[in-house]
Protein chains: 2
Amino acid sequence: MDRTATVPLLAEAFRAHGYQGASLAVLSAATGLGKGSLYNFFPGGKEEMAAAVLAGIDSWFETNVFAPLRTAGSDGTAIDRMFDSVTDYFRSGERICLPGAFALGRERDVFADAVSGYFERWIAALADALEAQGIAAARARASATDVVAGIQGAIVVSRALSRPEAFVDSLARLRAAITA
Amino acid sequence: MDRTATVPLLAEAFRAHGYQGASLAVLSAATGLGKGSLYNFFPGGKEEMAAAVLAGIDSWFETNVFAPLRTAGSDGTAIDRMFDSVTDYFRSGERICLPGAFALGRERDVFADAVSGYFERWIAALADALEAQGIAAARARASATDVVAGIQGAIVVSRALSRPEAFVDSLARLRAAITA
DNA sequence: GTCTATAAAGCGATAGAC
DNA sequence: GTCTATCGCTTTATAGAC
């Protein structure tokens with residue numbers, strides 16, 4: 001087991017337990033590694049593990065979501081693919097958005113650049129794709145913000161109601177509204 | 001100091017630190033009461049404190065938001081007042097929604113009824129107000145869900161970007177969209 | 001009703017054997 | 001690179017004085 005292989009396992013543990021709830025005992029069980037091994041990979045401890053997880057999430061979104069949006073054409077296929085990717089990624093709202101969850105707590109201040117950068121680049125990339133469809137810059141930015149916020153809110157509400165379909169339904173309406 | 005007076009102080013502590021981050025030391029400092037006094041009011045400890053806080057939040061929304069929406073007329077003033085109340089309550093996105101934050105973590109399962117009930121009644125009340133404007137039931141429910149989710153997402157995004165104006169701007173657009 | 005003292009358990013982190 | 005043992009601290013919760 002090398003360091004990079006542990007990151008997705010740590011990510012699921014942080015998503016399931018939250019930053020504070022993911023104790024070293026939990027992280028140890030999630031990876032199958034002793035505490036000593038984890039500290040060998042991450043000398044900075046839990047904070048370095050969470051930073052690596054956020055970087056991994058950012059990298060995935062950069063490749064699969066942000067970059068395709070930035071190079072989008074004038075048809076809406078890039079935005080359509082974003083909705084498909086995101087619906088998959090969040091597993092119909094059962095999997096939370098870690099940068100979003102961190103934004104609501106103290107973690108926001110500790111991981112400020114990672115959290116703000118993730119949302120800033122998501123919104124900017126989606127705004128680019130909307131501009132490529134001929135929408136004016138200011139309106140594109142506003143709509144992009146509303147869609148990203150709508151996705152985050154859909155995770156919250158669908159989880160609160162324990163109704164994963166609510167996430168899928170909300171994303172379908174966001175998609176219809178933005179492609180109209 | 002009596003039990004009811006501690007609840008708003010505990011609420012701010014839970015909002016600022018999260019459920020797990022709000023240790024008894026934090027809650028003691030927030031209320032100015034020793035641990036012994038807190039256990040005197042809340043024999044069930046931290047979990048009973050959080051339950052009381054959620055009940056207090058629910059009660060405030062029931063009075064100030066849900067009930068007015070249910071008895072709304074055919075003009076949009078009740079919905080307008082909801083947006084005013086909510087913008088104030090969340091302090092332009094600097095104050096988080098505790099039921100929303102709980103929905104993203106393990107707390108959702110511990111406080112399942114309080115969390116789901118809060119969102120269920122908010123959505124149902126807003127849907128009632130939309131139906132009073134002549135909107136069909138299914139569409140009213142969908143729009144109400146989108147507005148409530150949009151508010152939750154606006155809190156997440158505005159906090160992530162550390163831009164409180166983003167919350168106010170998002171709510172203004174949600175208001176314009178729903179009253180159109 | 002409020003406090004201090006304390007118990008028992010869990011925490012993050014480190015040391016050192018292998 | 002992985003482990004176990006352990007340190008020092010904080011946690012929740014209780015006991016008991018006032």
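Lettering of chains follows the sequences in order, A, B, ..., and the numbering in each one begins at 1.
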[X] [atom1] to [N] [atom2], straight-line distance once rounded to whole Å:
X	N	atom1	atom2	answer
Asp2(A)	dT2(D)	CG	C1'	14 Å
Leu38(B)	dT2(C)	CG	C1'	11 Å
Met1(A)	dC3(D)	CE	C1'	14 Å
Leu27(A)	dG10(C)	CG	P	17 Å

*Out of curiosity, does Leu9(A) fall in the hydrophobic cluster containing Ile96(A) (side-chain heavy atoms, cut-off under 4.5 Å, transitive links)?*
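Hydrophobic grouping puts Ile96(A) with Leu9(A).
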*Check the angle between the aromatic planes of Phe61(B) and Tyr89(B) and answer parallel, tilted or perpendicular using the 30° and 60° thresholds.*
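The rings of Phe61(B) and Tyr89(B) stand perpendicular, inter-plane angle above 60°.
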_Within-4.5 Å side-chain heavy-atom neighbours: Leu27(B) and Lys35(B)_ =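 Leu27(B) vs Lys35(B): side chains apart.
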_Side chains of Leu24(A) and Tyr39(A), heavy atoms from C-beta outward: is any pair under 4.5 Å?_
yes
_Is it the case that over 12 heavy atoms from other parts of the model lie below 6.0 angstrom from the CG atom of Asp113(B)?_
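No - once you tally the heavy atoms of other residues, nucleotides and ligands closer than 6.0 Å, there are 12 at most.
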*Considering residues, nucleotides and ligands other than Arg3(B), do more than 12 of their heavy atoms fall under 6.0 Å from its CZ?*
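Counting neighbours around CZ of Arg3(B), more than 12 heavy atoms of other residues, nucleotides or ligands fall under 6.0 Å, so yes.
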*Which nucleotides of nucleotides 12-18 of chain C have their base under 4.0 Å from a protein heavy atom (B), which only their sugar-phosphate (S), and which neither (-), written as one string 5' to 3'?*
BBB----
